[in-house]
2 protein chains.
Amino acid sequence: MSDVSSPPISARAREIVSAARELLEGEGPEAVSMRRIAERIGIKAPSLYKHFPDKSAVENALIAQGMAELAEALEAVEAKVAPSAGLAPGASVAPGEGAVAALAGAYRAYALAHPDLYRLMSGQPLDRAAMPAGLEDRAAGPLVRAVGGDADAARAVWGFAHGMVVLELAGRFPPGADLSGAWAKGCGAFAAEPSSG
Amino acid sequence: MSDVSSPPISARAREIVSAARELLEGEGPEAVSMRRIAERIGIKAPSLYKHFPDKSAVENALIAQGMAELAEALEAVEAKVAPSAGLAPGASVAPGEGAVAALAGAYRAYALAHPDLYRLMSGQPLDRAAMPAGLEDRAAGPLVRAVGGDADAARAVWGFAHGMVVLELAGRFPPGADLSGAWAKGCGAFAAEPSSG
DNA sequence: GCAGTCGGCTAACATCGTTAGCCAGGGTGG
DNA sequence: CCACCCTGGCTAACGATGTTAGCCGACTGC
């Protein structure tokens with residue numbers, strides 16, 4: 001959790017996104033309004049537009065922050081599970097079947113720790129032009145490598161993890177359901193599948 | 001696609017939810033406002049509150065409609081794939097590995113055909129008290145039976161399908177990505193998995 | 001015939017994102 | 001040293017949102 005934020009250079013801008021994040025994580029998405037953000041740092045709403053063109057720009061900064069944190073979390077798991085770091089880029093060796101499960105666990109843990117941020121990150125079309133270059137690929141990297149570079153498999157696992165997380169966050173599973181069982185089932189299914197295809 | 005709507009009896013109420021649906025599917029979620037709904041049927045917004053307590057009640061009617069349609073679509077697939085209808089309830093025989101893939105395909109097709117309705121149905125906590133009794137179970141039934149009654153497996157497959165659909169609808173996969181490959185991979189993985197556990 | 005409910009209406013409130021336009025302060029060029 | 005202009009505040013306002021209060025006409029049941 002080091003710096004994590006490139007485009008907003010000014011101190012004020014950083015103050016704004018951190019106020020927005022506190023509101024989001026503290027009071028939910030409907031609390032993050034331009035007036036509330038401004039109030040929290042002691043200015044008035046229209047002044048925010050001197051630092052960001054509109055609200056979605058603030059949200060994009062939040063999204064970039066979340067993606068960077070998620071990428072860090074997944075990279076940490078990757079380093080622990082398959083300590084073959086420092087290879088040539090693109091090296092797809094020794095997936096290790098536990099790697100997928102470990103990454104899925106970290107993914108779920110991040111989403112549950114930051115539910116509203118996760119929903120903000122994943123619930124809408126990503127404005128890729130507003131993201132730091134390479135961020136999206138960096139976040140996807142650990143999983144892609146864990147499945148041996150198979151893009152279809154990576155997308156399927158991502159879909160599974162995202163779907164499970166988002167259904168859990170929305171309270172869609174029956175109350176008290178044993179979700180870890182379903183996660184295990186899913187990770188097991190993907191681990192058992194051969195890379196052919 | 002027969003009747004599909006129990007609580008709103010009055011003709012006006014039905015008119016309201018159908019106007020809401022037309023707005024949702026025709027112009028997207030931000031178009032479905034109380035004023036626009038009212039305008040479409042020739043009355044003023046406050047009059048809507050003589051028929052529904054608030055906007056979320058209208059949305060719940062839409063959600064119930066969508067869930068019923070989705071349930072019908074899945075039941076149709078089930079009848080085609082495993083024509084052993086009329087068994088004792090709870091009978092879990094002969095899953096048929098293609099059944100999961102067929103159901104997943106129908107699920108995806110419904111979501112892509114009604115993207116905004118699907119997002120409305122699945123993107124928020126479900127107000128179960130506002131749903132017709134048994135609807136949720138009915139929608140879940142075909143998949144649960146297809147995986148032989150294994151709740152963990154059913155949840156995992158649901159998570160996979162929902163995640164894939166929602167990522168696709170949000171345009172999160174790279175443009176031009178071959179999603180059918182990922183779907184096949186996922187369905188294959190779940191089909192290969194034994195029911196032990 | 002009268003009462004009451006049903007279903008419209010207008011006016012209004014608070015909140016939202018956003019814009020226009022004004023102005024104080026500070027740094028810089030002449 | 002003074003004029004300028006840019007930065008970053010501000011107030012006032014617009015149009016839109018969901019929702020409430022209160023009014024009133026018509027139709028229905030007794």
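Given the structure is predicted, the values throughout are model-derived calculations rather than measurements. Protein chains get the first letters and strands the later ones, always in sequence-line order, with residue 1 at the start of each.
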Legend entry - From CZ (A:Arg36) to CG (A:Leu23), nearest 0.5 Å: 5.5 Å
Legend entry - B:Leu62 side, atom CG; B:His114 side, atom NE2 - distance, nearest 0.5 Å: 11.5 Å
Taking the side chain as every heavy atom from C-beta outward, state whether [X] and [Y] have any atom pair closer than 4.5 Å.
X: A:Glu72; Y: A:Arg138; value: yes
X: A:Leu126; Y: A:Asn60; value: no
X: A:Glu59; Y: A:Phe52; value: no

Inset, instruction - Using a cut-off of strictly less than 4.0 Å, decide whether B:His51 has a side-chain nitrogen or oxygen near OP1 or OP2 of C:dC6. - result: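 B:His51 to C:dC6 OP1/OP2: no side-chain N or O under 4.0 Å.
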Inset, instruction - Ignoring backbone atoms, establish whether B:Ser47 has a side-chain N or O less than 4.0 Å from OP1 or OP2 of C:dG7. - result: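 Result: no.
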Legend entry - Nucleotide interval of DNA chain D bounded by contacts with chain A (heavy-atom cut-off, under 4.0 Å):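 From 5' to 3', the first and last contacting nucleotides are D:dG8 to D:dA13.
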Legend entry - Interface with DNA chain D, restricted to residues 34-46 of chain B and to heavy atoms under 4.0 Å: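 Per residue number, the list reads B:Met34, B:Arg35, B:Pro46.
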Legend entry - Contact nearer the 5' end of DNA chain C, comparing A:Lys50 with A:Glu30: A:Glu30
Legend entry - Results of side chain to side chain contact (heavy atoms under 4.5 Å, CB included) for A:Ser18 - residues two or more places apart only: A:Glu22
Inset, instruction - Identify the two heavy atoms, one from A:Ala45 and one from A:Ala38, that lie closest to each other, and give their separation to 0.1 Å. - result: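 Minimum heavy-atom separation between A:Ala45 and A:Ala38: N-CB, 3.4 Å.
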Legend entry - ILVMFWY network linking B:Val165 to A:Phe173, side-chain heavy atoms under 4.5 angstrom: yes
Inset, instruction - Let me know the distance between CZ of A:Phe52 and P of C:dG17, rounded to the nearest Å. - result: 15 Å
